[in-house]
Amino acid sequence: MKTANYACYMRVRTKPEKRDEFLRLVTQLRADVLANEPDTLVYEILQGGDANEFVFFECFTDEAAQQRHQQMPYHVAMSSAGWACLDGQPVIEFLKPAR
């Protein structure tokens, strides 16, 4: 069993009129990640406190796997459209196992 040695927590808000587009983009991204990234151990997109808030929780075998994830062609292709859906700046935290 692979162990997560690097993780990312990201909380975003979408513009109300862009919520459905954002959800479509990230749902496809999640499918692509799960089909193509064996070193991405967890890739969850969760609903936040209201309809326009989303939380991403991603676990990787290591930091290099997270960097590969960000460089995957499908991730790069949807990034600008996804960022355009956001209202304000995301909160992003990178995490490592407690020792």
Side-chain angles (χ1 to χ4, degrees):
M1 184 168 122
K2 293 182 180 181
T3 301
N5 289 301
Y6 199 72
C8 177
Y9 163 91
M10 181 170 69
R11 183 178 294 269
V12 301
R13 292 193 61 75
T14 60
K15 298 170 187 166
E17 70 277 9
K18 294 286 190 172
R19 181 193 187 277
D20 291 342
E21 179 182 354
F22 182 78
L23 193 53
R24 180 185 59 76
L25 289 166
V26 298
T27 298
Q28 182 59 55
L29 177 60
R30 183 176 186 276
D32 290 336
V33 168
L34 295 177
N36 297 295
E37 298 181 32
D39 290 331
T40 300
L41 306 175
V42 174
Y43 195 87
E44 293 296 332
I45 305 157
L46 307 165
Q47 184 69 60
D50 65 57
N52 296 317
E53 183 179 53
F54 296 91
V55 176
F56 291 71
F57 189 67
E58 308 165 12
C59 292
F60 306 92
T61 55
D62 55 24
E63 188 173 353
Q66 189 271 337
Q67 292 170 357
R68 285 191 302 277
H69 160 71
Q70 288 185 316
Q71 296 168 0
M72 296 300 279
Y74 46 82
H75 191 271
V76 172
M78 66 75 61
S79 287
S80 62
W83 288 113
C85 294
L86 298 187
D87 184 13
Q89 295 298 311
V91 173
I92 302 173
E93 293 183 54
F94 293 99
L95 310 164
K96 295 180 180 178
R99 304 254 189 247

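No continuous path of ILVMFWY side-chain contacts below 4.5 Å connects V55 to V26, so the two sit in separate hydrophobic clusters. Placement of W83 and V33 within a single hydrophobic cluster is found when ILVMFWY residues are connected by side-chain heavy-atom separations under 4.5 Å, directly or transitively. Hydrophobic cluster membership differs between V42 and F94, with clusters built from Ile, Leu, Val, Met, Phe, Trp and Tyr side chains linked at under 4.5 angstrom. Two different hydrophobic clusters hold Y6 and L41 under the rule that ILVMFWY side chains link at heavy-atom gaps under 4.5 Å.
Atom CZ of F57 sits about 12.5 Å away from atom CZ of R11, to the nearest 0.5 Å. One distance of note links CZ of R24 with CE of M78; it measures 9.0 Å at 0.5 Å rounding. One finds the CZ atom of R19 at 14.0 Å from the CG atom of D87 (value rounded to the nearest 0.5 Å).
Contact detail for C8 and I92: the closest heavy-atom pair is SG-CG2, 3.9 Å. Of all heavy-atom pairs between C85 and L25, the closest is SG-CD1, 4.4 Å. Minimum heavy-atom separation, N36 to Y74: CB-OH, 3.5 Å. Scanning all heavy atoms of the two residues, the minimum distance from P97 to A4 falls at CG-O, 3.6 Å. Closest non-hydrogen pair, K15 versus L86, comes out as CE-O, 3.1 Å.
At least one side-chain heavy atom of D50 sits less than 4.5 Å from a side-chain heavy atom of R13. At a threshold of 4.5 Å between non-hydrogen side-chain atoms, the residues D32 and M72 do not count as touching.
Surrounding CD of Q89 are at most 12 heavy atoms belonging to other residues, nucleotides or ligands under 6.0 Å away. K96 NZ: 12 or fewer foreign heavy atoms inside a 6.0 Å radius.
The backbone N or O of T61 sits less than 3.5 Å from a side-chain atom of N5, completing a donor-acceptor pair. Remark: the backbone N or O of Q70 is not paired with any side-chain donor or acceptor of Q66 at under 3.5 angstrom. Of the possible polar contacts, none joining the E44 side chain to the E58 backbone as a donor-acceptor pair under 3.5 Å is found. A donor-acceptor pair under 3.5 Å is absent between the side-chain atoms of R30 and the main chain of I45, judged by distance alone.
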Start with the C-alpha gap between F54 and Q47, add the side-chain angles, then the distance that decides, and say whether side chain to side chain contact (heavy atoms under 4.5 Å, CB included) holds.
CA-CA 5 Å; F54 296 91; Q47 184 69 60; 3.8 Å; yes
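By the 30° and 60° cut-offs, the orientation of the rings of F56 relative to F22 is perpendicular. Aromatic ring pairs are classed by plane angle as parallel below 30°, tilted from 30° to 60° and perpendicular above 60°; the pair H69 and F60 is tilted.
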